Amino acid sequence: MHVEKKIPVGILGATGSVGQKFVELLQNHPWFEITALAASERSAGKKYREAAGWFSGVPLDPKIADMIVSDCTPTLPCRIVFSGLDASVAGEIETNFATEGYVVVSNSKNHRMDTDVPLLVPDVNPEQLDLVKTQSYGPSTSSGSTTGMIITNPNCTTVGLVMALKPLVDAFGIESVMVTTMQALSGAGYPGVSSLDIIDNVIPFIGGEEAKMETEPQKILGVPLRISAHCNRVAVIDGHTECVSIKLSETATAEQIVNAWRSYRSVPQELDLPMAPLQPIHYFDEERYPQPRLHRMRDKGMACSIGRLRPCNLFDWKFVLMSHNTIRGAAGGAILNAELMVAKNMIN
Ligand code: NAP
């Protein structure tokens with residue numbers, strides 16, 4: 001699909017870990033153009049290069065580096081705002097922007113479980129985007145519809161999990177899931193966990209994370225799953241690894257499960273969206289894979305890598321998955337959400 005004129009977009013929380021990933025992925029995007037950057041009052045009024053302390057290995061476009069950071073009042077010169085705001089402030093700021101008619105594409109937890117807000121992974125539940133038609137945030141247009149909307153993506157660990165589960169839910173049904181995570185440091189924001197806490201160490205607690213993993217998949221997959229999650233922080237920079245055991249509703253062989261993963265394609269692939277992975281799931285036969293350092297950038301950082309499928313003594317099957325937490329699990333996933341909205345003519 002070709003977009004005639006790029007759509008102006010802003011980034012809320014542009015200075016943070018997710019915000020910087022938004023800038024990195026949007027600075028050469030074929031459909032979107034960054035026209036506004038916003039963060040807290042600590043950053044507002046400064047040039048982006050000074051406020052952000054750019055820590056990506058990808059060079060920052062000098063034009064963006066010179067942009068002045070705004071505060072998060074809903075008067076930004078753009079149609080869409082991508083939000084990487086701290087959860088302590090995201091709820092109210094995002095509501096304010098939607099009320100003023102902006103399309104808000106958020107990473108934060110605040111609106112995820114609202115009944116009229118899509119919790120979207122376009123490769124898994126693209127149909128949930130229709131929920132925005134029940135929203136009534138923004139000013140009405142002449143046709144009676146409203147222009148302000150909020151769309152969310154899930155917690156970064158949930159994204160990889162639902163990508164792995166979806167083809168199996170469709171083919172065999174799933175009753176129960178037990179998952180243990182090894183989560184990257186970039187998931188804790190910037191500057192994040194202190195080096196003296198994490199080097200030579202594992203931290204077996206991430207506030208609020210297990211509850212999110214145990215509830216968000218039901219809203220995304222639309223099935224009543226029983227999930228038990230253990231979440232741990234480990235000394236990896238990017239890429240969350242998850243060890244998963246599943247109980248299926250119908251019996252399946254290893255070959256059938258691997259085929260379901262390898263052949264899985266969905267709407268973003270059919271529409272050829274710019275941020276979509278060509279192949280959502282990469283299954284590895286090598287028993288030492290997947291590994292974050294080797295596989296997190298597969299398919300632009302948007303794929304879910306899986307390996308080590310084997311029988312489970314407690315449930316039916318167990319496997320290991322890995323996905324990039326700030327790309328697939330945050331900024332890249334949110335950009336894919338916005339691309340789906342553009343392709344479906346939902347952004348005027
Ligand atoms: P972060 O690095 O701490 O960044 C937080 C951002 O929020 C900064 O830009 C900060 O601006 C801004 N902010 C803080 N207080 C503010 C205020 N009072 N008003 C306006 N802006 C304010 O956090 P992060 O890791 O990027 O996470 C951002 C959000 O995405 C969180 O809700 C998080 O749960 C979610 N998320 C993160 C990941 C991940 O892998 N990191 C994945 C999925 C979802 P200043 O620099 O000016 O303080």
Side-chain angles (χ1 to χ4, degrees), residues 10-25 36-56 67-74 76 81-97 104-113 119-121 150-162 181-193 206-209 211-213 216 231 233-234 236-242 292 296 301-302 322-337:
I11 299 162
L12 307 177
T15 50
S17 174
V18 172
Q20 294 202 22
K21 193 55 86 177
F22 272 126
V23 172
E24 180 188 318
L25 297 174
L37 299 169
S40 77
E41 285 173 3
R42 295 178 288 276
S43 305
K46 294 183 185 160
K47 282 191 177 176
Y48 184 64
R49 78 168 83 240
E50 288 146 22
W54 188 250
F55 52 78
S56 164
M67 285 174 70
I68 302 296
V69 178
S70 306
D71 62 21
C72 291
T73 43
L76 302 180
V81 286
F82 290 101
S83 169
L85 283 168
D86 190 88
S88 62
V89 292
E92 195 183 340
I93 293 174
E94 291 171 359
T95 302
N96 292 343
F97 271 85
V104 179
V105 183
S106 173
N107 279 285
S108 303
K109 65 177 182 183
N110 310 60
H111 290 287
R112 282 183 193 149
M113 300 308 278
L119 183 54
L120 198 63
V121 182
I150 299 182
I151 296 93
T152 58
N153 54 359
N155 182 43
C156 41
T157 40
T158 303
V159 178
L161 183 65
V162 295
T181 70
M182 287 158 275
Q183 297 184 216
L185 291 169
S186 58
Y190 187 81
V193 185
I206 304 176
E209 201 81 349
K212 289 182 224 166
M213 282 201 88
E216 292 177 2
C231 295
R233 186 75 68 198
V234 297
V236 166
I237 292 177
D238 288 317
H240 289 346
T241 303
E242 306 179 27
R296 60 192 164 207
M302 291 295 284
M322 195 279 311
S323 63
H324 197 302
N325 54 301
T326 59
I327 302 183
R328 179 79 239 196
I335 294 169
L336 189 61
N337 286 352

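On a predicted model such as this, the values are computed, not experimentally measured, just so you know. One-based numbering, in listed order, for ligands and for the atoms of each.
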Protein neighbours of ligand 1 with a heavy atom under 4.0 Å, given by chain and number, are Gly13, Ala14, Thr15, Gly16, Ser17, Val18, Ala39, Ser40, Arg42, Ser43, Cys72, Gly84, Leu85, Asp86, Ala87, Val89, Asn107, Ser108, Cys156, Ser186, Gly187, Gly189, Tyr190, Asn325, Thr326, Gly329, Ala330
Does atom CD1 (Ile237) have a neighbourhood of more than 12 heavy atoms from anything else shown, all under 6.0 Å? no
Output all residues satisfying side chain to side chain contact (heavy atoms under 4.5 Å, CB included) with Ala90, sequence neighbours left out; order by chain, then residue number. Leu85, Glu94, Ser108, Asn110
Test item: His111 side-chain N/O and Gly91 main-chain N/O as donor-acceptor pair under 3.5 Å: yes
List for me each residue that meets side chain to side chain contact (heavy atoms under 4.5 Å, CB included) alongside Glu50, sequence neighbours excluded, and say none if there are none. Lys46, Lys47
Please list, chain by chain and in numerical order, all residues satisfying side chain to side chain contact (heavy atoms under 4.5 Å, CB included) with Ala188, sequence neighbours excluded. Val193, Arg233
Rounded to the nearest 0.5 Å, how far does CZ of Arg112 lie from CG of Asn153? 6.5 Å
